[in-house]
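Note sheet for the following structure.
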Amino acid sequence: MSISGKVALVTGSTSGIGLGIAQSLARQGVHLMLNGFGDAQAAQAAVRAVAPAGVRVDYHGADMSKPNEIEDLVRSTLATFGTLDILVNNAGIQHVAPIEEFPVDRWDAIIAINLTSAFHTTRLALPGMKARQWGRVLNIASAHGLVASANKSAYVAAKHGLVGMTKSVALETATTGVTVNAICPGWVLTPLVQKQVDARAAAEGLSVDDAKKALLGEKQPSLQFTTPEQLGELAVFLCSEAAANIRGAAINVDGGWVAQ
Ligand code: NAD
């Protein structure tokens, strides 16, 4: 069975991994509801550019830290497309600081956007998926959903929480046509990581290129960044019938990061 004609909501899809996943799904003929901050027009154009004729692309600017806006996002997706078959919980932010210096508002924002938003979208999308007896929930966690790094307490807590929630909801849906899985990328060179590269270059007096090498060398044995395209193609696979019995998995795409 092809996924052409299905409807996907990808949170945080104006940039980086979310945009890559939206493009991969669109290439398969999936209709898309995009979300995120920044240049929404450019994101819609980038998705439309790779989609076959007939694929519909819409956008909703919900702030994923706000439950009422998330409710409106899911309601609008259903109103616009009539269904919601594939939910990709991808929106996320990062802040790096030791815990005793961690700004309280950054902790709250990371937990809200990286973890709690997936609770809201999932609880709102699942009833329809179960009724239609088909659905896919893909939670974009992280290698930091499986192992930790210093100075990332909020992010590691949120991503471990997201992996835990993935397992729980996968069990709740185990006998249905809805599967729930997590994707755990290592380093992907998106704006979220570029900020960390730039901070490292500044702190250690390195060139940006050397800062990238240092980042990879520390954690990612392949010494290669994972790409949004690779994650997009994994998302397509997880939506296929071949993946119908992959449930509650946390699939690391991390150049060997968590194998160490
Ligand atoms: P990115 O900064 O390129 O994209 C983040 C997206 O989330 C953007 O579209 C942004 O507008 C959106 N967003 C941020 N706050 C939002 C809010 N309050 N409401 C709605 N949208 C919001 O980052 P990315 O690297 O593509 O990250 C995407 C996901 O992948 C995140 O959950 C991140 O934790 C995860 N991840 C990234 C990496 C990496 O190396 N880049 C590794 C593992 C996991």
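For ligands, and for the atoms within them, numbers begin at 1 and follow the listed sequence.
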Using modelled atom types and a 3.5 Å cut-off, is there a donor and acceptor pairing between side-chain atoms of [X] and backbone atoms of [Y]?
| X | Y | result |
| --- | --- | --- |
| Thr11 | Ala91 | yes |
| Asp39 | Thr14 | no |
| Thr116 | Ile111 | yes |
| Asp85 | Gly135 | no |
| Asp254 | Pro185 | no |
| Arg247 | Thr173 | yes |

Hey, is [X] one of the residues with a heavy atom under 4.0 angstrom from ligand 1?
| X | answer |
| --- | --- |
| Ser13 | yes |
| Ala43 | no |
| Ser117 | no |
| Pro228 | no |
| Tyr155 | yes |
| His144 | no |

Polar proximity ligand 1 side, [X] side, N/O cut 3.5 Å exclusive:
| X | answer |
| --- | --- |
| Ser142 | no |
| Val193 | no |
| Trp187 | no |
| Gly18 | no |
| Gly36 | no |

Name the closest protein heavy atom to [atom], giving the residue it belongs to and the distance to 0.1 Å.
| atom | value |
| --- | --- |
| atom 15 (N) of ligand 1 | Ile93 CG2, 3.6 Å |
| atom 31 (C) of ligand 1 | Asn90 O, 3.1 Å |
| atom 42 (C) of ligand 1 | Gly186 O, 3.0 Å |
| atom 5 (C) of ligand 1 | Gly92 O, 3.8 Å |
| atom 27 (O) of ligand 1 | Leu192 CD1, 4.1 Å |
| atom 7 (O) of ligand 1 | Gly12 CA, 3.4 Å |
| atom 24 (P) of ligand 1 | Thr190 OG1, 3.4 Å |
| atom 37 (C) of ligand 1 | Ile17 CD1, 3.4 Å |

Assigning hydrophobic clusters by single linkage (Ile, Leu, Val, Met, Phe, Trp, Tyr; side-chain heavy-atom cutoff under 4.5 Å), is Leu162 placed with Val147?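 Each belongs to a different hydrophobic cluster.
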When you group the ILVMFWY residues by side-chain heavy-atom contacts below 4.5 Å and let the links chain together, are Val57 and Leu9 in the same group?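 Not linked; separate clusters.
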Considering only NZ, NE, NH1 and NH2 on the basic side and carboxylate oxygens on the acidic side, decide whether Asp198 and Lys195 come within less than 4.0 Å. no
Quick test of your reading of the model: are Glu71 and Arg123 salt-bridged, counting only N-O distances below 4.0 Å?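 Salt bridge between Glu71 and Arg123, a charged N being under 4.0 Å from a carboxylate O: yes.
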Per the side chain to side chain contact (heavy atoms under 4.5 Å, CB included) rule, which among Thr227, Leu231, Val193 passes with Val188? Leu231
Reference residue Asn89; test side chain to side chain contact (heavy atoms under 4.5 Å, CB included); the match among Val137, Thr166, Leu138: Val137
Shortest heavy-atom approach to atom 43 (C) of ligand 1 - which of Ala40, Pro185, Ala91: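 Result: the heavy atom closest to atom 43 (C) of ligand 1 is in Pro185.
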Measure from atom 44 (C) of ligand 1 to every heavy atom in Ala141, Ala109, Ala62, Ala112 and give the option owning the shortest one.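 Answer by nearest heavy atom: Ala141.
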Is it the side chain, the backbone, both or neither of Lys159 that has a heavy atom closer than 4.0 Å to ligand 1?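 Side chain only.
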Please work out whether any backbone atom (N, CA, C, O) or any side-chain heavy atom from C-beta onward of Ile113 is under 4.0 Å from ligand 1, and answer side chain, backbone, both or neither. side chain
Candidates Arg200, Lys213, Lys212 - the one meeting salt bridge (charged side-chain N to carboxylate O under 4.0 Å, His left out) with Glu218: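 Testing Glu218 for a salt bridge (charged side-chain N to carboxylate O under 4.0 Å, His left out) against Arg200, Lys213, Lys212 leaves exactly one candidate, Arg200.
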Would you mind listing which atoms of ligand 1 come within a distance below 4.0 Å of any non-hydrogen atom of [X]?
| X | answer |
| --- | --- |
| Ser15 | 1 (P), 3 (O), 4 (O), 8 (C), 9 (O) |
| Gly16 | 3 (O), 26 (O) |
| Asp63 | 17 (C), 18 (N), 19 (N) |

Classify the ring geometry between Trp187 and His144 as parallel (under 30°), tilted (30 to 60°) or perpendicular (over 60°). perpendicular
Would you check if there is a donor-acceptor pair between the side chains of Asp63 and Ser65 at a distance under 3.5 Å?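 On atom types as modelled, these side chains qualify, holding a pair under 3.5 Å.
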